[in-house]
Amino acid sequence: MVVERVGGGSSGVPPVSGSAGDGADAELPPAARLQILTTEHWSLLATRGMTWNEAFSRAQMFLSALSGGIVALALASQAMGFGSGFIVFALLLLPVLLFLGLATFVRLVDINNEDNLWFAGMNILRRAYLDAAPDLERYFISGAYDDEASIMRTFGATPGSGAFVHGFVTTPGMLAVVDAVLAAVLAGTVAIALNLNTAIVLIIGVAVFLVSIALLVAYQFRSVVIPWRAYKPRFPAPPKGQA
């Protein structure tokens with residue numbers, strides 16, 4: 001699909017009309033249009049950079065807290081053994097670590113969702129560049145439309161190709177596994193505090209891990225995949241064989 005050219009301009013960007021002085025229509029020159037597009041493009045790139053800096057900072061903060069918590073549990077076990085005092089200490093510490101992990105996971109899922117939006121915006125801007133200079137399209141390897149396939153092309157991925165497995169190697173996916181393990185350990189600790197036997201403790205831990213990972217994966221799917229499947233692109237790629 002080609003952006004409709006308005007006012008006979010040389011780019012696919014509509015002209016800006018009206019002046020404060022006489023009210024007559026005035027069209028921006030091509031150089032000004034290109035500057036507006038590139039400014040918006042760099043703004044999206046800067047926004048992506050800030051959100052991913054936040055993502056890495058949050059992940060690092062959680063993993064640092066988790067490492068410190070494990071060290072604290074190890075020191076407590078040496079000082080108190082694995083008696084009731086250690087169980088109480090673990091029941092105070094593990095929920096805090098699990099909360100940090102869940103909050104980090106939710107925010108990283110949101111960042112992934114936002115990142116898809118920034119990619120769609122950059123693809124739309126790339127479409128405007130190519131509408132202004134169609135002969136340059138052969139030099140672009142990124143997507144220039146905002147449909148799913150074009151956005152995935154910009155990511156360097158194929159739609160639907162190992163999406164489920166790929167979800168676990170993303171940053172939110174890895175944290176989902178860590179959070180599920182934390183939930184299982186917390187549940188096992190509660191079971192130990194209730195004086196349940198070892199077999200039941202293991203069954204409870206495994207069950208909580210499986211339920212937790214299923215819930216977290218479902219949340220990620222509902223928060224990212226479903227909204228983007230419902231997204232209606234403004235500039236979908238034309239069918240193959242059409243210009």
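Given the structure is predicted, the values throughout are model-derived calculations rather than measurements.
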*Asks:* Given a cutoff of under 4.5 Å between side-chain heavy atoms of I, L, V, M, F, W and Y, with clusters grown through shared members, what are the other residues clustered with Leu215?
*Replies:*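 Grouped by the 4.5 Å side-chain rule, Val211 form the rest of the cluster around Leu215.
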*Asks:* From Ile192 CD1 over to Leu196 CG, what is the distance, rounded to the nearest 0.5 angstrom?
*Replies:*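 Here the interatomic distance stands at 9.0 Å.
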*Asks:* Is there a path from Met174 to Leu216 through hydrophobic residues (I, L, V, M, F, W, Y) whose side chains come within less than 4.5 Å of each other?
*Replies:*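 No, Met174 and Leu216 fall in different hydrophobic clusters.
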*Asks:* What's the separation between atom OG1 in Thr47 and atom CD in Glu40, rounded to the nearest 0.5 Å?
*Replies:*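 These two atoms lie 8.0 Å from each other.
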*Asks:* Enumerate, atom names and distances included, each donor-acceptor pair closer than 3.5 Å involving a side-chain atom of residues 81-110, sequence neighbours excluded.
*Replies:*
residue, atom, partner, partner atom, Å
Thr104, OG1, Leu100, O, 2.7
Arg107, NE, Glu54, OE2, 2.9
Arg107, NH1, Glu114, OE2, 3.1
Arg107, NH2, Glu54, OE1, 3.0

*Asks:* Please confirm whether the backbone N or O of Asn123 pairs with a side-chain atom of Asp146, one donor and one acceptor, at under 3.5 Å?
*Replies:*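 No, Asp146 side chain to Asn123 backbone: no donor-acceptor pair under 3.5 Å.
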*Asks:* Side chain of Asp115, backbone of Ile111: donor and acceptor closer than 3.5 Å?
*Replies:*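 Absent.
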*Asks:* Kindly compute the distance separating CE (Met80) from CG (Leu75), expressed to the nearest 0.5 Å.
*Replies:*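 Here the rounded value is 10.0 Å.
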*Asks:* Is there a path of hydrophobic side-chain contacts, each under 4.5 Å between heavy atoms, that joins Val178 and Met61?
*Replies:*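 No, separate clusters.
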*Asks:* Minimum heavy-atom separation for Gly121 and Leu44, please, with both atom names.
*Replies:*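 Closest approach of Gly121 to Leu44, heavy atoms only: C-CD1, 3.7 Å.
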*Asks:* Do Arg234 and Arg127 have side chains that get closer than 4.5 Å, going by heavy atoms?
*Replies:*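 Result no, sub-4.5 Å side-chain heavy-atom pair not found.
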*Asks:* Quick one: are Thr38 and Leu34 in side-chain contact, heavy atoms under 4.5 Å?
*Replies:*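 They are in contact (side-chain heavy atoms under 4.5 Å apart), so the answer is yes.
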*Asks:* Taking all non-hydrogen atoms of both residues into account, name the closest pair between Ala187 and Ile204 and its distance.
*Replies:*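 Looks like CB-CG2, 4.0 Å.
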*Asks:* Supply the atom-to-atom distance Tyr139 OH to Leu136 CG, rounded to the nearest 0.5 angstrom.
*Replies:*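 Reported value, rounded in 0.5 Å steps: 7.0 Å.
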*Asks:* Got a donor-acceptor contact below 3.5 angstrom from the Ser64 side chain to the Gln60 backbone?
*Replies:*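 Such a contact is found between Ser64 side chain and Gln60 backbone.
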*Asks:* Between CH2 of Trp118 and CG of Leu45, what distance do you get to the nearest 0.5 Å?
*Replies:*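 Separation between the atoms: 12.0 Å.
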*Asks:* Looking at every heavy atom in both Trp52 and Asn112, which two are closest together, and how far apart are they?
*Replies:*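 So the minimum-distance heavy-atom pair works out to CH2-OD1, 3.2 Å.
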*Asks:* Grab the two heavy atoms, one from Thr171 and one from Ala59, that are nearest each other, plus how far apart they are.
*Replies:*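 For Thr171 versus Ala59, the nearest heavy atoms are CG2-CB, 4.5 Å.
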*Asks:* Taking Ile203 as the starting point, is it possible to reach Leu182 by hopping between hydrophobic residues whose side chains are less than 4.5 Å apart?
*Replies:*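 As far as the 4.5 Å side-chain criterion goes, Ile203 and Leu182 are not connected within one cluster.
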*Asks:* Less than 4.5 Å apart, any side-chain heavy atom of Arg48 and any of Phe119?
*Replies:*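 Arg48 reaches Phe119 side chain to side chain.
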*Asks:* When you measure from the centre of the six-membered ring of Phe140, is the NZ or CZ of Arg126 closer than 6.0 Å and no more than 45° off the axis?
*Replies:*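 That pair does not qualify as a cation-pi contact.
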*Asks:* Looking at Pro233 and Pro236, what are the two nearest heavy atoms and their distance?
*Replies:*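 What the structure gives for the nearest pair is O-CD, 3.8 Å.
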*Asks:* Using the rule that two of Ile, Leu, Val, Met, Phe, Trp, Tyr join whenever any of their side-chain heavy atoms come within less than 4.5 Å, decide whether Met152 and Ile141 are in one cluster.
*Replies:*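 Met152 and Ile141: separate clusters.
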*Asks:* Are Met50 and Met122 connected in the hydrophobic side-chain network, where two residues link if heavy atoms are under 4.5 Å apart?
*Replies:*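 Different clusters.
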*Asks:* Is there side-chain contact between Asp179 and Phe62, with heavy atoms separated by less than 4.5 Å?
*Replies:*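 A side-chain contact exists here, since the closest heavy-atom pair is under 4.5 Å.
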*Asks:* Within a strict 4.5 Å, meaning less than it, do heavy atoms of the Phe235 and Ser150 side chains meet?
*Replies:*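 The answer is no; the side chains never approach within 4.5 Å.
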*Asks:* To the nearest 0.5 Å, what is the distance between CD (Gln220) and CG (Asn113)?
*Replies:*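 Gln220 atom CD to Asn113 atom CG measures 10.0 Å (nearest 0.5 Å).
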